[in-house]
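In what follows, a single structure is set out as structure tokens and then discussed.
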There are 2 protein chains.
Amino acid sequence: MPARKKPETPAKPTVSGKASTINDIARLSGVSKKTVSRIINHSPLVRKDTREKVEALMREVGYSPDPMARGLAFRKSFLIGMVYDNPTAQYIVNMQYGALDAIRDSGFELVVHPCDSRSPNYIDGVRRFAQQQKLHGVMLVPRVSEDQALADMLLEIGCRYVRIAPVAMDDMSRMVVTHDRDGAAEAADYLYMLGHRDIALITGPNNYRSALERTAGFVEGLGRYGLELPKARIVEAGYTFESGVSAAEKLLAGKQRPTAIFTGNDEMAAGVYKVAMRSGISIPQQLSVVGFDDSPLASRLWPSLTSVRRPTRDTGRLAASMLVQPDAMATLSSASVRPHLVIRDSCQPPEN
Amino acid sequence: MPARKKPETPAKPTVSGKASTINDIARLSGVSKKTVSRIINHSPLVRKDTREKVEALMREVGYSPDPMARGLAFRKSFLIGMVYDNPTAQYIVNMQYGALDAIRDSGFELVVHPCDSRSPNYIDGVRRFAQQQKLHGVMLVPRVSEDQALADMLLEIGCRYVRIAPVAMDDMSRMVVTHDRDGAAEAADYLYMLGHRDIALITGPNNYRSALERTAGFVEGLGRYGLELPKARIVEAGYTFESGVSAAEKLLAGKQRPTAIFTGNDEMAAGVYKVAMRSGISIPQQLSVVGFDDSPLASRLWPSLTSVRRPTRDTGRLAASMLVQPDAMATLSSASVRPHLVIRDSCQPPEN
DNA sequence: CTGAAAGCGCTTACAG
DNA sequence: CTGAAAGCGCTTACAG
């Protein structure tokens with residue numbers, strides 16, 4: 001659409017109908033195919049004017065190198081694998097969007113690989129995936145990112161990877177740290193500042209690092225004000241809506257109800273809503289609720305849910321960019337993203 | 001893991017550390033590489049005992065053909081592209097799961113390609129994607145599936161595709177029909193049977209075929225009982241939560257409120273909930289609501305939302321299987337999936 | 001900075 | 001039913 005005009009050689013995507021190859025480019029521009037290859041691979045060993053001449057031609061005929069031919073010669077594909085085990089849909093999709101942001105126009109593509117980490121041979125499944133496709137690298141999303149055996153296997157077969165996790169648990173060149181702890185602490189801060197003193201916590205499963213971190217962050221956050229969370233005010237649930245319902249039933253059953261509940265994710269917060277609604281406990285007047293994720297659900301609920309936002313798309317972008325531009329990694333080497341509280345309508349100071 | 005035992009040649013995944021090739025298999029089994037190739041490609045032109053001998057060896061050494069080498073020779077990759085423009089996260093993810101169900105262990109992989117169909121050159125983007133990756137085929141998800149120009153482009157470059165849409169709009173070998181109309185009719189049926197006579201409809205955007213179909217299905221459904229929907233009871237919205245809020249505000253403002261509302265998707269139903277809640281209109285006592293999608297949101301809302309379920313995962317599975325096994329297509333050639341109503345707690349007979 | 005040769009691991013005609 | 005030759009479109013050493 002812009003500037004360049006060359007009446008004598010009209011720009012068309014193909015020569016004689018079929019896609020052009022490195023040989024066509026070499027012949028038409030009068031250099032060897034090796035030189036064209038160097039240009040494709042951004043080698044510095046090409047004279048500037050040669051490079052420009054050839055690049056102009058490539059644009060003109062709409063040439064782009066065949067990823068399968070390159071992959072065969074490199075013994076490595078231009079595919080990034082995203083490996084995950086059943087997080088929420090919005091989380092998966094945001095992570096994918098982020099990864100795609102990072103690899104756009106880079107020649108890489110994103111291949112999705114959900115798996116079941118409870119299956120005894122899921123690691124073999126990932127191994128086959130990585131080896132057969134000769135993946136350029138894989139993104140490990142929580143909670144598979146927490147599985148050291150998986151990371152060890154990838155290391156062993158020489159497949160690069162990036163782990164996304166709440167805390168550093170690998171070489172920093174292979175980590176994106178999400179600092180869930182800080183987000184939970186911010187929630188604690190907020191509830192304390194509103195005046196809440198009898199606060200409850202619904203945590204995710206203890207075998208999820210994110211659950212442990214969010215719990216620790218929340219407990220520490222309250223601890224900074226000298227407030228201690230009694231055991232009875234902490235209920236472990238399963239990060240699901242249904243488990244949130246069960247946990248909320250326990251916490252809201254007695255007459256000594258907490259005035260605020262923090263949940264390890266929004267799904268469980270929706271469970272709290274359900275129990276509160278049908279018990280006639282009004283949110284936020286009689287009960288304040290804070291979730292974690294800032295999923296779409298948070299704003300769909302009524303009253304809209306105050307929640308800790310995770311910058312999932314940024315996380316995915318960072319992880320994928322570490323895979324496709326390991327050179328730029330100096331600047332990213334302590335890659336991390338931070339959550340923050342998004343305040344909506346589900347909290348207020350406690351009554352009386 | 002089962003039966004076969006061969007003490008003399010222990011099963012190991014690789015010979016001397018590196019992955020084996022078609023040459024290794026040919027040499028070790030004493031046949032030509034062409035014969036091995038035939039076996040890989042399930043050609044019938046191989047004697048049964050030869051086939052079995054070679055397949056045993058392949059299993060033993062853990063051989064699997066290199067998709068990039070195959071792709072280079074075939075001039076076609078083993079990648080399925082999924083092209084979509086911003087549907088809800090759950091819909092995308094379910095579609096992906098379904099597609100992955102269909103291609104599991106087939107040697108194909110799923111590459112995701114979101115795009116912005118409002119962008120003037122998005123078709124070029126898909127073209128580049130399909131041509132550069134030499135895609136085996138692409139799944140077109142609503143609403144890009146409705147864009148005839150996109151389908152025409154794919155036909156022109158010879159890239160096979162399957163369109164997922166509410167109605168047939170292409171050769172049936174390239175269609176999965178979702179029959180949204182039937183689902184909406186079922187919702188109409190249900191509300192009428194409950195006794196509702198003043199019913200409103202919040203539709204999706206008129207440039208979405210799904211919105212037109214759902215509207216038509218609902219209107220027809222009521223029409224079967226001789227009930228006509230007045231113009232003022234139909235409000236067009238944008239399939240979003242916010243647009244659902246606006247539409248509901250219009251419908252619920254006057255003193256002559258409808259006793260039931262059907263919305264074109266769950267997001268807009270959540271908008272109705274919000275307006276009802278804050279206006280003190282109780283669901284289902286004073287207002288019945290039916291959504292469409294049966295998204296997770298439907299069960300998270302309180303009271304839980306009655307909604308038309310779309311078998312999205314089945315849809316994705318069907319579409320992908322039509323791409324990877326066009327031979328089995330005889331049985332699938334009129335491929336379709338049907339929605340059905342899932343009844344929860346958001347409806348009851350109208351008061352008085 | 002540039003090039004000719006060999007090879008990546010497969011498949012496609014073409015013979016037999 | 002099986003095989004030897006050539007080729008898919010690139011890159012990697014190795015020379016210059």
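So you know, we letter chains A, B, ... as the sequences are listed, proteins then strands, and number each from 1.
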Over how many whole Å does the gap from [X] atom [atom1] to [N] atom [atom2] extend?
X: A:D66; N: D:dC8; atom1: CG; atom2: P; result: 12 Å
X: B:L45; N: D:dG3; atom1: CG; atom2: C1'; result: 13 Å
X: A:I22; N: C:dA5; atom1: CD1; atom2: C1'; result: 15 Å
X: B:K53; N: D:dT2; atom1: NZ; atom2: C1'; result: 12 Å
X: A:Q131; N: C:dG9; atom1: CD; atom2: P; result: 14 Å
X: A:Q132; N: C:dC10; atom1: CD; atom2: C1'; result: 15 Å
X: B:K33; N: D:dG7; atom1: NZ; atom2: P; result: 14 Å
X: A:M68; N: D:dC8; atom1: CE; atom2: P; result: 14 Å

Between [options], which nucleotide gets closest to the side-chain atoms of [X]?
X: A:V31; options: C:dG3, C:dT11, C:dG9; result: C:dG3
X: A:I40; options: C:dT2, C:dC10, D:dT11; result: D:dT11
X: A:L72; options: D:dG9, D:dT2, C:dG3; result: D:dG9

Just jot down the salt bridge (charged side-chain N to carboxylate O under 4.0 Å, His left out) partners of A:D314, sequence neighbours excluded, or say none. A:R317
Taking every non-hydrogen atom, the tightest pair across B:D170 and B:Y161: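 That would be OD2-OH, 2.6 Å.
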Nearest heavy-atom approach of B:Q96 to B:V112 is NE2-CG1, 3.4 Å
Whether B:T312 side chain and B:N94 backbone form a donor-acceptor pair below 3.5 Å: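 No; zero donor-acceptor contacts below 3.5 Å.
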Heavy-atom donor-acceptor pair, B:S145 side chain to B:I164 backbone, under 3.5 Å: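 Yes; judged by distance alone, with no hydrogens or angles, the pair exists.
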Under a cut-off of 3.5 Å for both distances of each Watson-Crick or G-U pair, what dot-bracket string does DNA chain C give, using [ ] for crossing pairs and | for inter-strand pairs? |||.||||||||.|||
Side chain to side chain donor-acceptor pair (under 3.5 Å) involving A:K134 - partner list, sequence neighbours excluded: B:D66
Kindly write out the residues that satisfy side chain to side chain donor-acceptor pair (under 3.5 Å) with B:D85, not counting sequence neighbours, or none if the list is empty.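 Checked B:D85 against side chain to side chain donor-acceptor pair (under 3.5 Å); matches are B:S117.
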Would you say that more than 12 heavy atoms from the other residues, nucleotides or ligands in this model lie under 6.0 Å from the CG of B:D49, or not? yes
Return no unless some side-chain N or O of [X] is found under 4.0 Å from OP1 or OP2 of [N].
X: B:T21; N: C:dG9; answer: no
X: A:T50; N: C:dT2; answer: yes
X: B:R70; N: C:dT11; answer: yes

Mind checking what makes ring-ring contact (aromatic ring centres under 6.0 Å, His included) contact with B:F108, not counting sequence neighbours?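 Residues passing ring-ring contact (aromatic ring centres under 6.0 Å, His included) with B:F108: B:F78, B:H136.
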Extract from the structure each pairing of a protein N or O with an N or O of nucleotides 12-16 of chain D at less than 3.5 Å, listing the distance.
none

Would you check, one step at a time, whether the test salt bridge (Lys or Arg N to Asp or Glu O under 4.0 Å) holds for A:D24 with A:R27? CA-CA 5 Å; A:D24 300 325; A:R27 184 169 31 76; 2.7 Å; yes
B:K134 or B:K48: which one's nearest nucleotide on DNA chain D is closer to the 5' end? B:K48
